[in-house]
Amino acid sequence: MACETSFLPIGALRTYDSYYITGSKEKKEILKELFRLLNREKQPGEEQFSIVREIANELLSQQEYAKLTNFLTDWITAHPQDPYNAYLLLMVAYAYLKQDAGPVAAIYFNRIVTRYPDLLVKGESIHYQCLKQLIQLEKKPEHQIRYYKELIARFPEKIDLGNAHFMLGQAYEKTGEWDMAIQTYSKFLPYYSASIPGFPDALGYAMKLVDYYNSPKDWTFESLDSLVAAVKKALDAGNSRELRRLRAKVNFFAVSWGQDANQPVGMDEFNLSDFMAGNRIRYADTVDASSNANEAYLKTWGWTQRITTWYLYFRKIYFPADPEIHGRWEWAGVYYGEKF
């Protein structure tokens with residue numbers, strides 16, 4: 001569609017102008033009158049903007065999305081200095097959303113944020129509206145990082161900071177920027193009451209990563225065989241102190257089968273010496289048949305108290321934030337009783 005720099009009087013409409021005169025007889029008359037008023041407004045300003053917006057709203061009400069986007073983009077091209085172009089582009093973006101053209105809408109939302117100064121319309125920031133849409137539309141984590149950072153920096157009073165910090169941490173994870181992810185999750189922790197859609201245990205997840213990252217991680221072993229051998233040696237010696245040294249110091253759990261292993265038992269609450277009481281703890285020759293390349297179970301028995309059989313749980317560490325321990329093994333917990 002060719003772009004005109006101005007509109008002719010309504011009595012001399014060209015094809016370009018008449019293209020937008022659509023709808024019922026009443027609707028057409030409304031549009032003609034709006035174009036007549038627009039032709040009279042030669043100077044940019046609030047009056048001119050109000051008329052352009054009314055034309056756009058009229059086309060929007062008729063669901064004439066193609067005409068709406070053509071009208072606004074042609075107007076912006078012909079009036080590059082119009083101070084209200086950011087708002088008009090916002091209308092273009094929403095028109096594309098109405099047509100389920102999210103990727104195209106994202107292009108316009110991003111253009112407003114990156115190329116146009118912010119504009120307040122009815123007290124609402126245009127950039128804020130765009131950023132909210134962009135974090136929903138944009139799937140590339142590197143772009144999500146930019147948008148979340150800008151929301152947090154510029155509009156902290158308008159957003160759920162807990163949600164924003166957690167999702168920013170998720171985006172950093174996806175790009176492999178683990179140091180930044182951990183820093184961001186640390187900022188999320190004070191917002192422990194925040195509700196994160198799709199992440200019912202967001203707080204626990206973030207706490208585990210942060211605590212693990214900040215721990216010495218000196219209980220890890222190069223291989224499962226070396227870890228199991230060290231545990232068996234400590235059991236043979238009845239050395240509860242050595243067993244305490246061998247187990248994970250962060251996120252260690254002790255639960256019955258079927259319980260949630262994500263509810264860790266504090267180290268002070270779980271004293272192995274109380275369950276040994278001088279007994280000889282015995283163990284299976286090999287790890288359980290249900291073990292695999294990432295997890296292993298060693299059956300042990302002879303513990304005191306009500307449940308005498310325990311399965312020691314070992315797992316391969318998945319922690320790309322620290323390549324030195326990523327892929328090593330740790331004794332991560334205990335399951336009480338016989339396996340189901």
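Between the OG1 atom of Thr184 and the CE atom of Met167 there is a distance of 12.5 Å, given to the nearest 0.5 Å. A distance of 8.5 Å separates OG1 in Thr286 from CG in Leu298, rounded to the nearest 0.5 Å. With values rounded to the nearest 0.5 angstrom, His165 atom NE2 is found 6.5 Å from Lys187 atom NZ. Distance check, rounded to the nearest 0.5 Å: NZ of Lys67 to OH of Tyr20 gives 9.0 Å.
Follow the hydrophobic side-chain contacts under 4.5 Å out from Met180 and you reach Leu168 in the same cluster. Cluster annotation: Ile76 is not connected to Ile107 through the hydrophobic network of ILVMFWY side chains, with a link wherever side-chain heavy atoms come within less than 4.5 Å.
Aromatic rings of Trp331 and Phe252 (six-membered ring for Trp) have centroids within the 6.0 Å cut-off, being under it. Checked against the 6.0 Å centroid criterion, the rings of Trp303 and Phe275 do not qualify as a close aromatic pair.
Each of Tyr311, Phe314, Phe253 was checked for a ring pair (Phe, Tyr, Trp, His ring centres under 6.0 Å) with Tyr335, and the lone residue meeting it is Phe253. With respect to Tyr313, the ring pair (Phe, Tyr, Trp, His ring centres under 6.0 Å) criterion is satisfied by exactly one of Trp257, Trp329, Tyr297: Tyr297.
For the pair Lys28 and Thr22, the minimum side-chain heavy-atom distance is 4.5 Å or more. Contact of the Trp219 side chain with the Arg245 side chain is not registered, since no non-hydrogen atoms from C-beta on lie closer than 4.5 Å.
For the salt bridge (Lys or Arg N to Asp or Glu O under 4.0 Å) test, residues two or more places apart in sequence or in another chain that qualify with Asp288 are Lys339. With sequence neighbours left out, His143 forms a ring pair (Phe, Tyr, Trp, His ring centres under 6.0 Å) with no residue at all. Legend: residues meeting salt bridge (Lys or Arg N to Asp or Glu O under 4.0 Å) with Lys299, ordered by chain and number and at least two apart, are Glu338. Shown here are the salt bridge (Lys or Arg N to Asp or Glu O under 4.0 Å) partners of Glu142, two or more places apart in sequence or in another chain: there are none.
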Pairs of donor and acceptor atoms involving the side chains of residues 150-160, under 3.5 Å and at least two apart or interchain, shall be tabulated with distances.
residue, atom, partner, partner atom, Å
Glu150, OE2, Arg154, NH1, 2.8
Arg154, NH1, His127, ND1, 3.1
Arg154, NH2, Asp118, OD2, 3.4
Arg154, NH2, His127, ND1, 3.1
Asp160, OD1, Gly162, N, 3.0
Asp160, OD1, Asn163, N, 3.1

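A parallel orientation is assigned to the rings of Trp75 and His79, their planes being inclined by less than 30° (bins at 30° and 60°). Between Phe166 and Tyr185, the ring planes lie tilted relative to each other; the angle falls in the 30° to 60° range.
Environment of CG in Asn292: crowded, with over 12 heavy atoms of neighbouring residues, nucleotides or ligands closer than 6.0 Å. Within 6.0 Å of CD in Glu124 there are more than 12 heavy atoms belonging to other residues, nucleotides or ligands.
Taking the charged nitrogens against the carboxylate oxygens, Asp236 and Arg280 do have a contact shorter than 4.0 Å, which makes a salt bridge. Classification of Glu295 and Lys316 as a salt-bridged pair fails, no side-chain N sitting under 4.0 Å from a carboxylate O.
Residue pairs satisfying the ring-ring contact (aromatic ring centres under 6.0 Å, His included) criterion with at least one member in residues 80-106, sequence neighbours excluded, are listed as follows: Phe49-Tyr84, Phe49-Tyr87, Tyr94-Phe109, Tyr96-Tyr108.
Closest approach of Pro117 to Ala86, counting heavy atoms only: O-CB, 4.3 Å.
For the 3.5 Å distance criterion, the side chains of Gln136 and Tyr147 fail to qualify, holding no donor opposite an acceptor. A donor-acceptor pair shorter than 3.5 Å cannot be found between the side chains of Gln133 and Tyr128.
Counting only distance, with no hydrogens or angles, the side chain of Lys208 and the backbone of Asn251 share no donor-acceptor pair below 3.5 Å.
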